[in-house]
Amino acid sequence: MKGKDAVDRAAQPTAAAVDHRRGADPLSIALGILAGTIVYVLYFPSDSVAVEKGDALWFCLLAVIIATITVGGSLLGKQPELLSPDRAADLPSQISTVQATPAAKLTPGRLWDAILWVTPWLLAAWIMVAAVGTSPPGNLRMATNEAWLWVAAAAIFTAARRLMVDLERRRALLLLLAVGICGLAIHGLHQQFISLPQTRIEYRSDPDKMLAAAGFDAPAGSAERMMFENRLFDGGPTGTFALANSLAALLLVGASGSLGMLRLRWSELPSIARVAWAVASMLCVACLVAARSRSATLTLLLSVVLLFIAGLRVSQTRPRQAIVGLAIIVVLGLTATLGLAVLGNPEWFEAAPASLAFRFQYWRATAAMVCDRPLFGAGPGNFQSIHERYREPSATEQIAEPHNFLVETWASGGFVGLAMLVCLIIAGLAVIWIRGNRSGGNKDAQSPADCGDSGSGDSGDCQWLALGAGLGLVMVWLIGLATRLLPDYQAHAFAVPACLVLAVVVWPSMRQLPRADFDLIGSIALAALMIHLLVSGGWTVPGVAMVAWLLFAALTRSTDAKSGVDDTHCPTEDTWLSPARRRIAGGLAIAVGVTIM
């Protein structure tokens with residue numbers, strides 16, 4: 001009887017804590033602020049030049065607030081909020097499991113997890129030191145403005161790793177990203193067919209008047225005027241971004257995610273959800289094609305191949321069927337490429353070699369620059385001014401970043417900064433690999449409910465997330481009214497209602513998304529985004545970088561013992577990294593690496 005009373009007393013605080021979640025729990029509040037920040041940054045993404053001028057400081061402040069509340073909530077000891085009522089009923093078995101597990105045992109998974117906690121802050125601190133150490137000759141204000149973005153990256157990443165331990169939260173945040181990106185796609189298509197044609201007519205009739213109304217200072221014959229004209233007449237839609245390539249980065253994530261839902265969950269989706277996800281994927285793909293981003297389009301084709309392979313039930317599918325299916329995907333990819341070549345803009349293909357040659361010029365000049373300054377490189381915010389001294393004579397462009405996230409980190413923090421980023425990536429890949437390669441015969445495996453896979457997560461978190469996103473949307477328009485720089489009302493008159501309808505329609509199916517499928521879709525979307533950023537700018541654009549931080553945090557979510565959840569002991573009957581898929585993924589990774597090199 002005494003043992004039973006002890007268990008009952010242990011269970012009572014847990015149930016109370018579960019009910020407390022429905023109130024103003026610090027982690028729920030942080031989740032709501034994170035949702036509002038996502039909405040804010042989709043409307044005000046800030047290009048890299050604007051970041052250097054301080055345009056992203058409000059975003060950085062929100063990031064620090066989110067991290068502070070998250071850390072505070074975790075230190076207050078409100079860990080039971082991760083337990084649903086069903087899981088609280090299994091508390092006795094959980095207590096016995098915890099008591100039987102050595103608390104101080106250091107496993108490879110926990111070691112990599114510790115690296116993921118510490119390295120982002122070390123990298124942010126080093127970039128801040130580099131900002132001071134390179135000024136002069138660099139501009140200290142511009143350097144510190146960009147350095148704060150690296151602090152925001154560490155804050156968002158570490159907070160999101162803690163906030164997204166629960167599967168229900170990950171599903172809700174993934175839905176918010178998908179819906180927001182679909183809104184950007186609608187905005188981009190509105191630009192392509194309505195706004196841009198009208199702007200071109202106005203520019204042809206009176207260029208100076210149109211530029212003055214837009215607040216753009218570009219005298220006739222200047223390089224700024226020529227760049228503006230090239231983007232206006234030859235470029236695609238940009239959405240809320242300054243460059244089409246930045247918009248393409250998010251469209252790539254949206255297309256990969258929506259196509260992943262269709263590929264992996266088709267048989268479980270109701271008809272209305274199938275239609276909704278199909279429409280979302282078509283919007284993202286259509287706007288991506290309009291944006292004319294070569295790297296994003298080719299990466300999307302690779303994502304489609306990966307999604308096809310991921311959907312194979314290798315143990316149940318005949319090899320001949322798998323080969324035939326893969327052949328069909330390859331044929332469709334080649335057909336799409338041929339269609340772009342024949343029906344699309346010839347410049348899309350003709351300028352590809354020259355565009356790649358420009359990238360190599362940027363990277364060679366950056367390498368020379370960093371070799372002269374191995375400790376800090378150019379420092380954050382100073383790349384454009386210092387790059388001019390190393391620009392090759394054949395180069396004709398003035399660039400603000402080297403169009404490669406690894407090279408850009410190298411330029412901002414020298415060899416030490418690059419080493420920290422590579423260490424962070426390796427640690428993340430190790431955590432993802434360990435989770436995807438767990439042994440299904442683990443006797444200590446927890447139940448699906450313990451791992452957050454029961455689908456019975458507390459809806460209070462989703463309410464906080466919806467509230468935060470709604471307040472973020474209101475804040476965006478209030479800021480627009482205060483600064484007299486309202487977002488495109490016509491475009492968002494279509495985008496906002498469509499996003500609300502999409503969220504309502506697909507949320508029931510999203511709530512049934514298993515952990516394994518979430519990790520697989522997130523992995524492919526993140527891989528596609530980072531491949532695109534290997535040849536494109538956006539690493540220091542908050543509207544692009546934040547999506548990468550969140551996806552990486554969701555895939556490497558915390559496994560700290562204090563959180564109450566340890567994914568390394570979850571059952572693996574739904575694991576996505578089967579031996580056959582590992583061999584195929586390894587072959588594709590080698591092929592991509594050889595292509596990039």
Side-chain angles (χ1 to χ4, degrees), residues 33-66 124 127-128 131 139 141-157 177 180-181 183-184 187-188 191 214-217 224 227-228 231 235 237-251 253 291 380-384 399-403 405 408-409 411-412 472-473 475-480 482-488 491-492 529 532-533 536-550:
I33 299 175
L34 177 60
T37 304
I38 292 173
V39 174
Y40 171 83
V41 81
L42 290 177
Y43 274 88
F44 300 111
S46 302
D47 69 346
S48 57
V49 175
V51 168
E52 295 170 3
K53 297 178 180 179
D55 190 64
L57 291 180
W58 284 110
F59 165 75
C60 298
L61 177 62
L62 288 172
V64 172
I65 290 173
I66 292 169
I127 295 296
M128 187 64 74
N139 184 301
R141 180 180 293 275
M142 295 175 64
T144 52
N145 284 341
E146 185 172 311
W148 275 111
L149 183 64
W150 293 83
V151 175
I156 291 289
F157 176 70
L177 286 178
I181 292 171
L184 286 176
H187 187 180
Q191 284 182 328
F216 194 79
D217 184 16
E224 291 80 5
M227 184 179 299
F228 179 85
R231 291 177 180 173
T238 60
T240 57
F241 293 85
L243 299 174
N245 259 339
S246 300
L247 173 63
L250 265 64
L251 295 173
V253 173
N382 299 321
F383 177 84
Q384 187 170 11
I399 57 172
E401 54 188 355
H403 293 69
F405 76 96
E408 186 170 359
T409 305
S412 299
L473 183 63
M475 181 178 67
V476 163
W477 287 91
L478 290 178
I479 292 174
T483 60
R484 297 183 181 181
L485 295 173
L486 283 171
D488 190 335
H492 291 283
L529 175 59
H532 174 65
L533 291 181
S536 177
W539 186 232
T540 52
V541 176
V544 175
M546 187 176 183
V547 176
W549 307 338
L550 290 175

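- Ring pair Trp150/Trp539 is perpendicular by interplanar angle, where above 60° counts as perpendicular and below 30° as parallel.
- Closest of all the heavy-atom pairs between Glu146 and Gly381 is OE1-N, 3.2 Å.
- A side-chain hydrogen bond (donor to acceptor under 3.5 Å, both in side chains) check over residues 41-54, counting only residues at least two apart or in different chains, returns the pairs Tyr43-His492, Ser46-Asp55.
- Interatomic distance, Leu529 CG to Leu251 CG, rounded to the nearest 0.5 Å: 11.5 Å.
- For the pair Ile156 and Ala63, the tightest heavy-atom approach, listed with the atom from each and the gap, is CG1-CB, 3.6 Å.
- Nearest heavy-atom pair across Trp549 and Phe157 is O-CD1, 3.8 Å.
- In terms of modelled atom types and a separation under 3.5 Å, the side chain of Ser246 and the main chain of Gly538 share no donor-acceptor contact.
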Test side-chain contact (heavy atoms from CB on, under 4.5 Å) applied to Val253 and Ile181, step by step: CA-CA 8 Å; Val253 173; Ile181 292 171; 4.1 Å; yes
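- A distance-only check finds no donor-acceptor pair linking the side chain of His187 to the backbone of Pro237 [under 3.5 Å].
- Trp477 places a side-chain heavy atom less than 4.5 Å from the side chain of Pro487.
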Val544/Leu533 under side-chain contact (heavy atoms from CB on, under 4.5 Å): CA gap, chis, key distance, verdict: CA-CA 10 Å; Val544 175; Leu533 291 181; 4.2 Å; yes
Audit row: Met546, Leu250, side-chain contact (heavy atoms from CB on, under 4.5 Å) steps and yes/no: CA-CA 10 Å; Met546 187 176 183; Leu250 265 64; over 6 Å; no
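- When all heavy atoms are compared, the tightest approach of Ala249 to His532 is CB-CD2, 3.6 Å.
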Side chain to side chain donor-acceptor pair (under 3.5 Å) evaluation trace for Thr540 with Glu408: CA-CA 9 Å; Thr540 52; Glu408 186 170 359; 2.8 Å; yes
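- With values rounded to the nearest 0.5 angstrom, Ile65 atom CD1 is found 12.5 Å from Leu34 atom CG.
- Between the side chain of Thr238 and the backbone N or O of Phe241, at least one donor-acceptor pair lies under 3.5 Å.
- In this structure, Thr37 OG1 and Ile66 CD1 are separated by 3.5 Å, a value rounded to the nearest 0.5 Å.
- When all heavy atoms are compared, the tightest approach of Val541 to Pro45 is CG1-O, 3.7 Å.
- Here the options are Leu42, Leu149, Val547, the test is side chain to side chain contact (heavy atoms under 4.5 Å, CB included), and the partner is Pro542; only Leu149 passes.
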Check against side-chain contact (heavy atoms from CB on, under 4.5 Å), Ile38 and Leu550: CA-CA 10 Å; Ile38 292 173; Leu550 290 175; 3.6 Å; yes
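- Residues satisfying the side chain to side chain contact (heavy atoms under 4.5 Å, CB included) test with Ile479, not counting sequence neighbours, are Tyr40, Phe44, Met475, Thr483.
- In plain terms, the two heavy atoms of Glu401 and His403 that are nearest each other are O-ND1, 2.9 Å.
- Put simply, CG on Asn145 and CG on Leu57 are 5.0 Å apart, with the number rounded to the nearest 0.5 Å.
- Between the side chain of Thr144 and the backbone N or O of Arg141 there is at least one donor-acceptor pair closer than 3.5 Å.
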